[in-house]
2 protein chains.
Amino acid sequence: MTTQSQGLHTHVLDTLGLEISSGQCPPGSVLRTDELAQRFDVSRTVIREVIRVLESMHLVESRRRVGVTVRPTETWNVYDPQVIRWRLAGADRPRQLRSLTVLRSAIEPVAASLAARHATAEQCAELTERALGMVATSRGHQLEGYLEHDIAFHRIVLNASGNEMFARLGDVVAEVLAGRTHHQVMFEDPDPAAVTLHVRLAEAVREGDPEAAERITKEIAVGALHELDVLAP
Amino acid sequence: MTTQSQGLHTHVLDTLGLEISSGQCPPGSVLRTDELAQRFDVSRTVIREVIRVLESMHLVESRRRVGVTVRPTETWNVYDPQVIRWRLAGADRPRQLRSLTVLRSAIEPVAASLAARHATAEQCAELTERALGMVATSRGHQLEGYLEHDIAFHRIVLNASGNEMFARLGDVVAEVLAGRTHHQVMFEDPDPAAVTLHVRLAEAVREGDPEAAERITKEIAVGALHELDVLAP
DNA sequence: AACCCATTAGGTACGACTTATTCAAGAGGC
DNA sequence: GCCTCTTGAATAAGTCGTACCTAATGGGTT
């Protein structure tokens, strides 16, 4: 999933990005373009393009006569989906999941409230459909199917909010949900209470009840945070 | 501010980024690397590096035999500070300011609540200092000084929340506040009510009262949204 | 309608040269 | 003798130009 074979550039970028965000190349460490070219057996051209991209993500800083320096964590573009993927694949995955879940708990209630005001009939229909899909896959170890509906559900809410910044968080939420399902130990079926809340949220949005939508989403978020507390150290 | 003279790469990137995000090169339009190299009078190497960066921001898509295509707005990395700056400098600045302000209204109350729990003594002190600075500069057309304190104030709250994702929104908030002060017509001194709210927020954080901090921040956000409704079409 | 080939524009490689930084050695002053 | 300032050599990124590879496209042939 992380490694694509569509070109040298992508491969080198992915490898380096992963190494940096996993702490393998700690902040302050220096990379040399020539060495990298040698190591990956590609031309300096490719390396330079990769470095420029990493630089645009504020992962590294390139200075003459000194080389490419890994920048401190605080400057990274942590909202870049690419960076998020790298970090979720790396070492401090738990910390990362927690940060993102807290972010969700701030955004999604407001987004749901807005969605209850602005959602189109079509969006309401698809939302209900996804909620029913979650119900249908909530028993009998159909975790992958459940995950798919869960992701789609939250994406619709974020899109229906009508706010571009919220909508673009769909990818982040997808990563978080996928991470939770795949990496946290999750032998059992999803919490029935959570499933019910999603159904109720779909109803609230359909009926145009912003307060209820916000309240219910907050409950979902609290559940997610609680789940994280229980499963993670 | 937008145009830096530190290298060809930066100049070309900035120009193209601005042209794309301002809609001058609408989604679907095609750029050719050779043409760009000619236009900016730089080598194709430089252009390619720029394209790669724009590609990592999902502003463009590069395909063989067809050229570099501008992608639809929905795919852009709108959380990239660079993209935000370009868009705020461009055409639909009002829409952008509104989106970002709504985002703020979702994030900052939660961040303030967390800050009330986690803020260090030092952070509390600096927060109070900044609030007093806002009071001091709130009269007599000292808009620039007020802006500086305002930005610092909100940055401290976001940092003190202890959540990395919130902290990294400091730059976004700074852009929004700066945009409001500089571009919206703002002859008059800031709203006294807003100033008072900031002072009260500093108190709430210092006294470790999350509920009050959240409530007060919500009031600030409502004020900001209202101000936007009044001043913008 | 299916296939093939010429064309096109990005992808990669290599080598030469330029420029900003750094570091250290040497000149000068205290 | 020690410290500071200057100068210059070394270094690694920045830029350029060219040559060639590769994949996607569109048209022409069967």
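Not measured: the values here are computed from a predicted model. When reading the values below, keep in mind they use all heavy atoms of this one structure, side chains included, and skip hydrogens, waters and symmetry mates. Chain letters run A, B, ... following the sequence lines, proteins first and then strands; every chain starts at 1.
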Enquirer: If the cut-off is 4.0 Å, is B:R48 near the phosphate of C:dG11, judged by side-chain N/O to OP1 or OP2?
Expert: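 The answer is yes; a side-chain N or O of B:R48 sits under 4.0 Å from OP1 or OP2.
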Enquirer: Does B:S62 have a side-chain nitrogen or oxygen under 4.0 Å from the phosphate oxygens OP1 or OP2 of C:dG11?
Expert: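 For C:dG11, OP1 or OP2 has a side-chain N or O of B:S62 closer than 4.0 Å.
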Enquirer: Looking at every non-hydrogen atom in both residues, tell me the closest pair between A:P109 and A:R104 and how far apart they are.
Expert: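 Shortest heavy-atom separation between A:P109 and A:R104 comes out as CD-O, 3.7 Å.
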Enquirer: Select one nucleotide: of C:dA13, D:dA13, C:dG10, the one nearest the side-chain heavy atoms of A:T45.
Expert: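 The answer is C:dA13.
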Enquirer: Between B:H198 and B:H154, is the gap from one ring center to the other below 6.0 Å?
Expert: yes
Enquirer: Starting from C1' on C:dA13, measure out to CD on A:Q38 and report it in whole angstrom.
Expert: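 Distance, rounded to whole Å: 15 Å.
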Enquirer: Can you say whether the rings of B:Y79 and A:Y79 are parallel (under 30°), tilted (30 to 60°) or perpendicular (over 60°)?
Expert: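 It falls in the parallel class, under 30°.
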Enquirer: Quick check for you: among C:dT12, D:dT15, D:dA13, whose closest atom lies nearest to any side-chain atom of A:D34?
Expert: D:dA13
Enquirer: For A:E61 and C:dT21, what is the distance between atoms CD and P respectively, to the nearest whole Å?
Expert: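 Nearest whole value for this atom pair: 12 Å.
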Enquirer: Under 4.0 Å from OP1 or OP2 of D:dA23: is there any side-chain N or O of B:R65 that close?
Expert: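 Checking D:dA23 against B:R65, no side-chain N or O comes under 4.0 Å of OP1 or OP2.
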Enquirer: Counting only side-chain N and O atoms of B:R52, is one of them less than 4.0 Å from OP1 or OP2 of C:dT12?
Expert: yes
Enquirer: Using a heavy-atom cut-off of 4.0 Å across all strands, would you classify A:I47 as base, sugar-phosphate, or nothing?
Expert: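 No contact.
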Enquirer: Between P on D:dG14 and CD on A:E49, what's the gap in Å once rounded to a whole number?
Expert: 13 Å
Enquirer: Look at the side chain of A:R44 against the base of D:dG14 and say whether a donor-acceptor pair falls under 3.5 Å; ignore hydrogens and angles.
Expert: yes
Enquirer: Out of C:dT12, C:dA9, D:dT15, which has the shortest distance to the side chain of B:R32?
Expert: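 Of the candidates, C:dA9 comes closest.
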Enquirer: Students often get this wrong, so: under 4.0 angstrom with heavy atoms, is A:I51 touching a base, only sugar-phosphate, or nothing?
Expert: nothing
Enquirer: What is the distance, to the nearest angstrom, from the CG atom on B:L8 to the P atom on C:dT19?
Expert: 11 Å
Enquirer: With B:L127 as reference, evaluate B:I156, B:L132, B:L201 under the side-chain contact (heavy atoms from CB on, under 4.5 Å) test and give the passing residue.
Expert: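 Going through the options one by one, the only one that passes is B:I156.
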Enquirer: Mind calculating the distance between CD (B:E35) and P (C:dA9) to the nearest angstrom?
Expert: 8 Å
Enquirer: Can you tell me how far P of D:dT11 sits from CG of A:L31, to the nearest Å?
Expert: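 For the pair A:L31 CG and D:dT11 P, the rounded distance is 19 Å.
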Enquirer: With B:R71 as reference, evaluate B:T73, B:T69, B:T75, B:V68 under the side-chain contact (heavy atoms from CB on, under 4.5 Å) test and give the passing residue.
Expert: B:T75
Enquirer: Would you kindly compare A:D41 and A:R64 by the position of their nearest DNA chain C nucleotide and give the one closer to the 5′ end?
Expert: A:D41
Enquirer: Quickly work out the B:R63 CZ to D:dG26 C1' distance and round it to whole Å.
Expert: 14 Å
